[in-house]
Amino acid sequence: MSIGLRRLSNSLVKMAEQINSSAADNTAAGAKRWSFWPSSLRWIPTSTDHIIAAEKRLLSLVRTPYTQEQVNIGSGPPGSKVRWFRSVSNEPRFINTVTFDSKEGSPTLVMVHGYGASQGFFFRNFDALAKHFKVIAIDQLGWGGSSRPDFTCKSTEETENWFIDSFEEWRKAKNLSNFILLGHSFGGYVAAKYALKHPEHVQQLILVGPAGFTSQTEHMSERMTQFRATWKGAVLNHLWESNFTPMKVIRGLGPWGPDLVRKYTNARFTAYSNGDDLTEESSRLLSDYVYHTLAAKPSGELCLKYIFSFGAFAKSPLLYRAPDWKVPTAFIYGHEDWMNYQGAQQARKNMKVPCEIIRVPQAGHFVFMENTSAFHSAVLYACRRFISPQKDDDSLPEGLVSV
């Protein structure tokens, strides 16, 4: 669930108490029986077909017509020793993609989801943004309705390339260039790393509550240091390094997993009372969608320990790459976002390209879902030179704060 990585850390112990080895054995056995049993009798009642069907139900709330496709990215990046799938075959892999109708000549906006999420999390934004952009949203490799190859990476570099290179192969297959790239949370980390490696394709970078700017060495608080020295901290750190994820709990709970996800979704996305809460129907469809995307085969989720150390500190911090930035960038944070905008402020000091930092009121880490109208205003403001190049008005929309 694109939950904050620090919140993920704090929740691991509770999750560990909910799941045991017998549940894990049942999960594995249930996975093997998927092809023989109807979903109502499976231990984990989901499948790729369930994911796509849940996606269609959720996107039925969107009024703008769209097309959905599985974009072939091949079996691995050209010349790479790391395949998307541990296999001797050249079995192709696919990126689930939705493209929304737009006016001819509209700038292209590519949207990349965060950790534990998928493109459907942006369902409240597609209509508003499609009025100004050709909106394309993807499920990253190993997430959502995209292919879920075995995760074989063993280092930070390999793991970053898993996401960056698969995105580049997707871009080639779509014949895209000169697009605006928006990434949320972990997706912001991937988007930034991609723009550093392939700046020639990105016109503008929009990082929404991005992960990965701070390093453990320089930014670990005294409180975190003390906590890691406790037995609870040691247990959490061990779980983190063992790649224990919330998804394992959901799979371990089998047919009770959907109820856990429903409770999480209802609690998580009604945290801000600004008149922008989810309706009963949208909450139900989102919960169903989230369950199926999280309970499916583990793949991209296993990236966590290679990208971040316990406490959500990046092992290859973006802050250190600030002098290499070549793409104009806008940061968007909710006022209550657990991601600290001060990391972006520090990075901006060493950037040689235009950089704006915008804070959105009455919103947290899921700013695009919690205060949609203000989020849309922030995106349009960040992209004003592409939408209305003739206008000279640079005034920040009311309610937004520039820092």
Side-chain angles (χ1 to χ4, degrees), residues 5 73 76-80 82 95 107-115 136 138 140-142 153 155-172 174 176-219 300 303-304 306-309 312-333 339-358 379 382-383 386:
L5 297 179
I73 62 170
S80 174
V82 181
I95 296 293
T108 299
L109 174 67
V110 177
M111 305 181 74
V112 182
H113 63 82
Y115 181 85
I136 306 175
I138 68 166
Q140 296 193 70
L141 183 66
C153 301
S155 69
T156 300
E157 182 180 7
E158 283 186 351
T159 303
E160 288 183 352
N161 288 337
W162 161 286
F163 294 103
I164 296 170
D165 292 346
S166 61
F167 183 85
E168 172 62 3
E169 292 307 302
W170 171 85
R171 182 202 65 79
K172 291 177 183 177
K174 290 289 291 180
L176 284 177
S177 191
N178 298 321
F179 54 89
I180 300 164
L181 182 57
L182 181 152
H184 171 243
S185 195
F186 174 69
Y189 179 87
V190 172
K193 290 283 185 172
Y194 176 84
L196 284 165
K197 189 172 183 178
H198 300 284
E200 68 276 10
H201 301 305
V202 183
Q203 294 173 298
Q204 169 84 25
L205 197 57
I206 303 177
L207 304 180
V208 184
F213 269 84
T214 56
S215 68
Q216 176 177 307
T217 304
E218 298 176 354
H219 297 90
C303 72
L304 205 57
Y306 298 106
I307 299 291
F308 303 100
S309 59
F313 298 105
K315 295 187 175 182
S316 177
L318 287 165
L319 180 61
Y320 298 161
R321 298 295 307 278
D324 303 324
W325 231 258
K326 294 181 174 63
V327 177
T329 302
F331 294 86
I332 300 176
Y333 293 88
M339 289 290 186
N340 194 335
Y341 70 90
Q342 293 175 342
Q345 285 182 313
Q346 189 172 352
R348 182 171 58 184
K349 295 176 183 178
N350 295 314
M351 290 183 182
K352 300 178 178 65
V353 295
C355 176
E356 298 176 309
I357 304 173
I358 303 169
V379 172
C383 299
F386 302 104

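Leu207 is listed as a side-chain neighbour of Phe213, based on a closest heavy-atom distance under 4.5 Å. Put simply, the side chain of Lys193 reaches to within 4.5 Å of the side chain of Ser316, judged on heavy atoms. Contact of the Glu200 side chain with the His198 side chain is registered, since non-hydrogen atoms from C-beta on lie closer than 4.5 Å. Looking at Asn161 and Lys197, their side chains come closer than 4.5 Å, going by heavy atoms from C-beta outward. The closest side-chain heavy-atom distance from Leu182 to Ile332 is not below 4.5 Å. Within the 4.5 Å cutoff, side-chain heavy atoms of Ile136 are placed close to those of Leu176. Residues Cys355 and Phe331 are in side-chain contact: their nearest non-hydrogen atoms beyond the backbone lie under 4.5 Å apart. Counting heavy atoms from C-beta outward, Arg348 and Thr329 have side chains that stay 4.5 Å or more apart.
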Worked verdict on Val202 versus Val110 for side chain to side chain contact (heavy atoms under 4.5 Å, CB included): CA-CA 10 Å; Val202 183; Val110 177; over 6 Å; no
Criterion side chain to side chain contact (heavy atoms under 4.5 Å, CB included) on Gln345 and Lys349, from CA distance to verdict: CA-CA 7 Å; Gln345 285 182 313; Lys349 295 176 183 178; 5.8 Å; no
Verdict with reasoning, Phe179 to His201, per side chain to side chain contact (heavy atoms under 4.5 Å, CB included): CA-CA 7 Å; Phe179 54 89; His201 301 305; 3.9 Å; yes
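A distance of 10.0 Å separates CG of Leu109 from CD of Gln204, quoted to the nearest 0.5 Å. The OG1 atom of Thr108 lies 11.0 Å from the CZ atom of Phe386; values are rounded to the nearest 0.5 Å. The OG1 atom of Thr156 sits 5.5 Å away from the NZ atom of Lys315 when rounded to the nearest 0.5 Å. For the atom pair NZ of Lys174 and CD1 of Ile138, the computed distance is 11.0 Å after rounding to the nearest 0.5 Å. Interatomic distance, CG of Asp165 versus CD1 of Ile73, reported as 10.0 Å (0.5 Å rounding).
Phe163 pairs in a ring pair (Phe, Tyr, Trp, His ring centres under 6.0 Å) with only one of the listed residues (Tyr194, Phe186, Tyr189), which is Phe186.
Nearest heavy atom pair, residue Ala382 against residue Ala330, reads CB-CB, 3.5 Å. The two residues Cys153 and Thr159 have their closest heavy-atom pair at CB-OG1, 3.5 Å. A pairwise comparison of heavy atoms in Ala347 and Ala322 identifies O-CB, 3.4 Å as the closest pair. Heavy atoms only, all atoms of each residue included: Ile206 and Cys383 are closest at CD1-SG, 3.4 Å. Nearest heavy-atom pair, Ile95 versus Leu141, reported as atom, atom and distance to 0.1 Å: CD1-N, 3.6 Å. Nearest heavy-atom pair across Trp325 and Ala192 is CH2-CB, 3.9 Å.
At least one donor-acceptor pair under 3.5 Å links the side chain of Gln140 to the backbone N or O of His113.
Note on ring orientation: taking the six-membered ring where Trp is involved, the planes of Trp170 and Phe167 are tilted (angle from 30° to 60°).
By the side chain to side chain contact (heavy atoms under 4.5 Å, CB included) test, Pro354 pairs with Pro328, sequence neighbours left out.
Within 6.0 Å of CD on Glu157 lie no more than 12 heavy atoms contributed by other residues, nucleotides or ligands.
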